[in-house]
Undergrad: 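Would you mind keeping the following structure in view while I ask a few things?
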Amino acid sequence: MERFQAGSDSLHIAARALAIVARRNLSLAEEVLAEELPWLTWLPETERQECVRELLGQLMAGADTGELLPFGRALTSWRSTAVIWSDPELAGDLQGPFPGDGPEVTRPADAP
C-alpha cells in the first residue's frame, strides 16, 4: 500500500507541476509533451493545443483520484486522431463533404 501511495503521490505532483507550466506557458508544455509524444506534430495546431489541454486535465484528474483509465483512453484517442492526420488523403476523406444523408430507415414497430 505504501508503494502504491508513493506512486500516486508522485504522479499527482508531476501532473500538477506540468499543469502549472501549461497555464503559464502553453507552448512550453506542448514542447515537453511533444518530446514525450512525438505524434503530436501530426495534429493541426488548434487540435494540438486542445489535445494538450485535455491530456493535462485527464492526467490531473487521474492523479487526484487514482483512476487513470480516462487518461489512457484520451491518450489512445488522440494518438489515433494524429495517425489519421498523418495521412492527408484519409484526413481529407474524413472531413467530408459526405454525399446525402444516407438511406432512409423505417421506424421500428412499438414493442408489445
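FYI, side chains are in, hydrogens and waters are out, and symmetry mates aren't considered; it's all heavy atoms of this structure. Positions are given from 1 along the sequence.
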Undergrad: Applying the 4.5 Å side-chain criterion to the ILVMFWY set and letting contacts propagate, would V83 and L55 be lumped into a single cluster?
TA: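 Yes, it is one cluster - the side chains of V83 and L55 are joined through contacts under 4.5 Å.
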Undergrad: Could you tell me the separation between the CH2 atom of W85 and the OG1 atom of T41, rounded to the nearest 0.5 Å?
TA: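 Here the rounded value is 13.5 Å.
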Undergrad: With rounding to the nearest 0.5 Å, note down the distance linking CG in L28 to CG in L33.
TA: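 L28 atom CG to L33 atom CG measures 10.0 Å (nearest 0.5 Å).
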Undergrad: If I take atom CH2 from residue W39 and atom SG from residue C51, how far apart are they, to the nearest 0.5 angstrom?
TA: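 Rounded to the nearest 0.5 Å, the CH2-SG separation comes to 4.5 Å.
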Undergrad: Sequence neighbours excluded and cut-off under 3.5 Å, please list the side-chain donor-acceptor pairs for residues 70-80, or say none.
TA:
from: T76; atom 1: OG1; to: G72; atom 2: O; distance (Å): 3.0
from: W78; atom 1: NE1; to: E54; atom 2: OE1; distance (Å): 2.9
from: S80; atom 1: OG; to: T76; atom 2: O; distance (Å): 3.1

Undergrad: A quick test of your reading: do over 12 heavy atoms of other residues, nucleotides or ligands sit less than 6.0 Å from CD of E36?
TA: no
Undergrad: I'd like to know whether CD of Q5 has more than 12 heavy-atom contacts from other residues, nucleotides or ligands below 6.0 angstrom.
TA: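 Buried by this count: over 12 neighbours within 6.0 Å.
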Undergrad: For L94, what are the other residues in its hydrophobic cluster, where any two members join if their side-chain heavy atoms are less than 4.5 angstrom apart?
TA: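 ILVMFWY cluster around L94 also holds I84, L90.
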Undergrad: With a 6.0 Å cut-off (strictly less than), is the heavy-atom count around CD of E89, excluding the residue itself, greater than 12?
TA: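 12 or below, so no.
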Undergrad: Which atoms form the tightest heavy-atom contact between P88 and S86, and what is the distance?
TA: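 Result for this residue pair: CD-O, 3.4 Å.
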Undergrad: Would you call R48 and E45 a salt bridge, taking side-chain N to carboxylate O under 4.0 Å as the test?
TA: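 Counted as a salt bridge, because a side-chain N and a carboxylate O are separated by less than 4.0 Å.
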